[in-house]
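Just so we're clear, the structure is a prediction, and the values are computed from it rather than from any experiment.
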Amino acid sequence: MNASRRTPLGVSTAALTLALSVFVATDTAYAAEQTPKDQGANTDQQGGGDGSGIYAAAQIQYSGSVAKGGSTGNVTSSDVNWTPPPCWYAPYLGAKDFKKEMSKSLEDQMNTPGMGGTAGSALGQAKSHYEDEFGWADNPGYKDYNVEKDGEGMFWAGVENPNEPNYLKRTSCSDLPFWVDNGEAPPPRYEQAITPEMLAALAYQHMELPGTKVTLAPQANTKVNLPTWAWLDAATFDEVQATAAVNVPGFNIEATTTAVPTSLTLNPGTADAITIPADGQCPIVDGRIGEPYAAGKAAQTPPCGIIYRRSSNGGTFPLRASLTWEISWTGTGQAGPIGLPNGTIEAVQDIAVEEIQSVNR
């Protein structure tokens with residue numbers, strides 16, 4: 001994405017960066033409420049901060065199977081190069097409210113001791129940008145903060161993704177707040193303006209999938225060369241959904257991300273073991289993965305399982321079970337589901353393996 005900043009005439013980029021730091025969200029506030037167990041958490045994400053700057057106020061409302069408190073979910077993407085948006089532009093305030101907030105922030109900054117030179121000039125030009133129609137390339141100015149159009153649109157501003165570890169990426173949505181009429185798309189140059197596709201990625205980032213607890217027979221303790229049966233409870237195979245939405249006057253979009261389990265991968269935790277199937281991937285067959293062990297099956301080969309070839313010598317082997325989920329999304333303006341990278345959930349179970357004791361008669 002292009003995150004370049006358009007610089008007003010006669011002001012250095014460094015000075016403008018200092019001035020614009022007032023207007024970029026540096027924190028994100030969350031509010032969560034309990035929902036029924038089968039719906040997960042309901043979390044609102046919105047702009048917030050320490051009282052010294054301008055923050056995008058449009059909430060991203062999360063619902064469905066999402067982590068509580070705005071934290072990331074438990075899904076790991078199979079594509080190491082895929083990441084959710086580090087920041088975005090979103091609706092902030094109507095014209096009258098924006099004037100109240102922005103004019104105060106500008107005034108406070110301009111009255112800060114030592115705020116002079118090029119930095120002070122940048123703040124002065126930003127003030128002229130919103131009050132006196134001062135503009136530059138691709139950035140038309142506004143008269144009196146556009147108050148004559150109050151109710152007909154909103155100013156948009158940058159929002160940081162608090163779960164993005166890269167500071168430069170997280171703070172790259174640093175352009176001055178800009179006006180968007182109700183029902184209109186943001187100007188094309190703002191490639192990071194919030195979209196349903198971005199909401200789908202954020203829903204993915206916050207999605208909470210059920211844990212992968214594999215049932216084993218024998219349980220926890222098994223024998224060398226004895227097949228260990230492995231299977232998953234049928235309830236694990238329900239599809240899981242998480243929704244992210246933005247709803248403000250004149251702008252309403254949403255996206256729902258859906259995860260469906262597809263296969264289980266077993267890693268026995270030692271090279272001295274074989275998996276069944278040989279590649280360790282147990283597919284879904286007739287709506288289930290693996291087959292529950294039952295009396296009389298001891299001599300049979302399980303469809304999903306492990307055979308350990310040596311004992312764990314009084315310790316345990318870390319059996320890793322990874323459940324792969326196929327993930328897609330639908331949303332505002334989309335005719336059908338669109339694929340996202342598969343996700344995985346991994347769990348570790350400690351397995352003790354003992355030698356079979358022979359009996360001498």
Enquirer: Within the distance-only criterion (no hydrogens, no angle test), does the side chain of D150 pair as donor or acceptor with the backbone N or O of K96 below 3.5 angstrom?
Expert: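 Present.
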Enquirer: Indicate the atoms forming the closest heavy-atom contact of P186 with V180, along with that distance.
Expert: CA-CG2, 3.9 Å
Enquirer: Say whether, by atom type as modelled, one donor and one acceptor occur between the side chain of S65 and the main chain of M207 under 3.5 angstrom.
Expert: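 Side chain of S65 to backbone of M207, a donor-acceptor pair under 3.5 Å: no, none is there.
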Enquirer: Would you call E107 and K127 a side-chain contact if the rule is heavy atoms closer than 4.5 Å?
Expert: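 They are in side-chain contact.
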Enquirer: Search all heavy atoms of I351 against all heavy atoms of S312 and return the closest pair with its distance.
Expert: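 Between these two residues, the closest heavy atoms are O-OG, 4.3 Å.
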Enquirer: Report the C-alpha distance between M198 and N161 in whole Å, list the side-chain angles of each, state the deciding distance to 0.1 Å, and finish with yes or no for side chain to side chain contact (heavy atoms under 4.5 Å, CB included).
Expert: CA-CA 11 Å; M198 295 169 72; N161 184 339; over 6 Å; no
Enquirer: Decide if the gap between the ring center of W156 and the ring center of Y92 is smaller than 6.0 angstrom.
Expert: no
Enquirer: Does L202 reach the side chain of P85, with side-chain heavy atoms less than 4.5 Å apart?
Expert: yes
Enquirer: Count the heavy atoms belonging to other residues, nucleotides or ligands that lie under 6.0 Å from NZ of K104, then report whether that count exceeds 12.
Expert: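 Open: at most 12 neighbouring heavy atoms sit under 6.0 Å from NZ of K104.
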Enquirer: Would you compute the distance between atom CD of E133 and atom CG of N146 and round it to the nearest 0.5 angstrom?
Expert: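 Reported to 0.5 Å precision, the distance equals 9.5 Å.
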Enquirer: Kindly give the heavy-atom pair with the smallest separation between T265 and Q281, and that separation in Å.
Expert: OG1-CG, 3.5 Å
Enquirer: Let me see the working for N342 and E326 under side chain to side chain contact (heavy atoms under 4.5 Å, CB included), right down to the final yes or no.
Expert: CA-CA 5 Å; N342 286 345; E326 184 177 81; 3.9 Å; yes
Enquirer: Using a 3.5 Å distance criterion without hydrogens, assess whether the side chain of N267 forms a donor-acceptor pair with backbone atoms of G269.
Expert: yes
Enquirer: According to a 4.5 Å side-chain heavy-atom criterion applied to Ile, Leu, Val, Met, Phe, Trp and Tyr, with indirect links allowed, do I60 and V248 form part of one hydrophobic cluster?
Expert: yes
Enquirer: For a quick test of reading the model, state the closest non-hydrogen atom pair linking K68 to S71 and the distance between them.
Expert: O-OG, 3.0 Å
Enquirer: Check the pair L123 / M115 against side chain to side chain contact (heavy atoms under 4.5 Å, CB included), numbers first and verdict last.
Expert: CA-CA 9 Å; L123 287 167; M115 183 60 73; 3.6 Å; yes
Enquirer: Where the side chain of T112 meets the backbone of Q109, is there a donor-acceptor pair that is under 3.5 Å apart?
Expert: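 Flag set: sc T112 to bb Q109 pair under 3.5 Å.
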Enquirer: Between T324 and S78, is there a side-chain heavy-atom distance shorter than 4.5 Å?
Expert: no
Enquirer: Is there a continuous path of hydrophobic side-chain contacts, each under 4.5 Å between heavy atoms, that joins Y293 to I289?
Expert: no
Enquirer: Distance alone, cut at 3.5 Å: any donor-acceptor contact between the side chains of T332 and E254?
Expert: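 No, E254 and T332 have no side-chain donor paired with an acceptor closer than 3.5 Å.
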Enquirer: So does E354 have more than 12 non-hydrogen atoms from other groups sitting under 6.0 Å from CD?
Expert: yes
Enquirer: Determine the minimum heavy-atom distance between L199 and A255, stating which atoms define it.
Expert: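 L199 and A255 have their closest heavy atoms at CB-CB, 3.9 Å.
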Enquirer: Strictly distance-based, threshold 3.5 Å: is any side-chain N or O of D132 a donor or acceptor partner for the main-chain N or O of F134?
Expert: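 No.
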Enquirer: Kindly compute the distance separating CZ (R320) from CD (Q349), expressed to the nearest 0.5 Å.
Expert: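 It is 11.5 Å, given to the nearest 0.5 Å.
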Enquirer: Can you tell me if D181 uses its side chain to pair, donor with acceptor, with the backbone of E184 under 3.5 Å?
Expert: no
Enquirer: What are the two closest non-hydrogen atoms of P318 and D350, and how far apart are they?
Expert: CA-OD1, 4.2 Å
Enquirer: Quick one: salt bridge (charged side-chain N to carboxylate O under 4.0 Å, His left out) partners of R309, sequence neighbours excluded?
Expert: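 Applying salt bridge (charged side-chain N to carboxylate O under 4.0 Å, His left out) to R309 gives none.
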Enquirer: Just by distance, do the side chain of H129 and the backbone of G135 share a donor-acceptor pair under 3.5 Å?
Expert: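 No; judged by distance alone, with no hydrogens or angles, the pair does not exist.
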Enquirer: Is there a side-chain contact between E291 and V285 in this structure, where contact means two heavy atoms from C-beta onward sitting under 4.5 Å apart?
Expert: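 Not touching, per the 4.5 Å side-chain cut-off.
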Enquirer: Which residue, T257, T330, T256, forms the side-chain hydrogen bond (donor to acceptor under 3.5 Å, both in side chains) with T243?
Expert: T256
Enquirer: Hey, could you give me the CD1/OG distance between I345 and S322, rounded to the nearest 0.5 Å?
Expert: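 It is 9.5 Å, given to the nearest 0.5 Å.
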Enquirer: I need the N74 CG to T344 OG1 distance, nearest 0.5 Å.
Expert: 9.5 Å
Enquirer: Would you say that H206 contacts N163 through its side chain, given a criterion of any heavy-atom pair below 4.5 Å between the two side chains?
Expert: yes
Enquirer: Please check if V75 and W82 belong to a single hydrophobic cluster, counting links between Ile, Leu, Val, Met, Phe, Trp and Tyr side chain heavy atoms closer than 4.5 Å.
Expert: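 Cluster IDs for V75 and W82 match.
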Enquirer: Y142 and F98: aromatic ring centres closer than 6.0 Å?
Expert: no
Enquirer: In the structure I gave you, are the side-chain heavy atoms of W229 and P303 within less than 4.5 Å of one another anywhere?
Expert: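 Answer yes - side chains close enough.
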Enquirer: Assigning hydrophobic clusters by single linkage (Ile, Leu, Val, Met, Phe, Trp, Tyr; side-chain heavy-atom cutoff under 4.5 Å), is I284 placed with W231?
Expert: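 Shared cluster, no.
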Enquirer: What's the separation between atom CH2 in W88 and atom OG in S172, rounded to the nearest 0.5 Å?
Expert: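 Here the rounded value is 11.0 Å.
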Enquirer: Ignoring hydrogens and angles, tell me if any N or O in the side chain of Y130 forms a donor-acceptor pair with the backbone of S103 under 3.5 Å.
Expert: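 Side chain of Y130 to backbone of S103: no pair is present.
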Enquirer: Within a strict 4.5 Å, meaning less than it, do heavy atoms of the K100 and L93 side chains meet?
Expert: no
Enquirer: If we only count heavy atoms from C-beta on, is the Y308 to L319 side-chain gap below 4.5 Å?
Expert: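 Sidechains of L319 and Y308: in contact.
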Enquirer: Would you say Q219 has more than 12 foreign heavy atoms packed within less than 6.0 Å of its CD?
Expert: no
Enquirer: From L340 CG over to S77 OG, what is the distance, rounded to the nearest 0.5 angstrom?
Expert: 8.5 Å
Enquirer: Step by step, work out the side chain to side chain contact (heavy atoms under 4.5 Å, CB included) result for M154 and F251.
Expert: CA-CA 9 Å; M154 296 186 75; F251 187 79; over 6 Å; no
Enquirer: Tell me, with the steps shown, if R170 and E160 meet salt bridge (charged side-chain N to carboxylate O under 4.0 Å, His left out).
Expert: CA-CA 5 Å; R170 191 173 68 244; E160 296 178 10; 3.4 Å; yes
Enquirer: Are V240 and L232 linked, directly or through other ILVMFWY residues, by side chains that come within less than 4.5 angstrom of each other?
Expert: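 Yes.
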Enquirer: Side chain of Y204, backbone of T258: donor and acceptor closer than 3.5 Å?
Expert: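 No, Y204 side chain to T258 backbone: no donor-acceptor pair under 3.5 Å.
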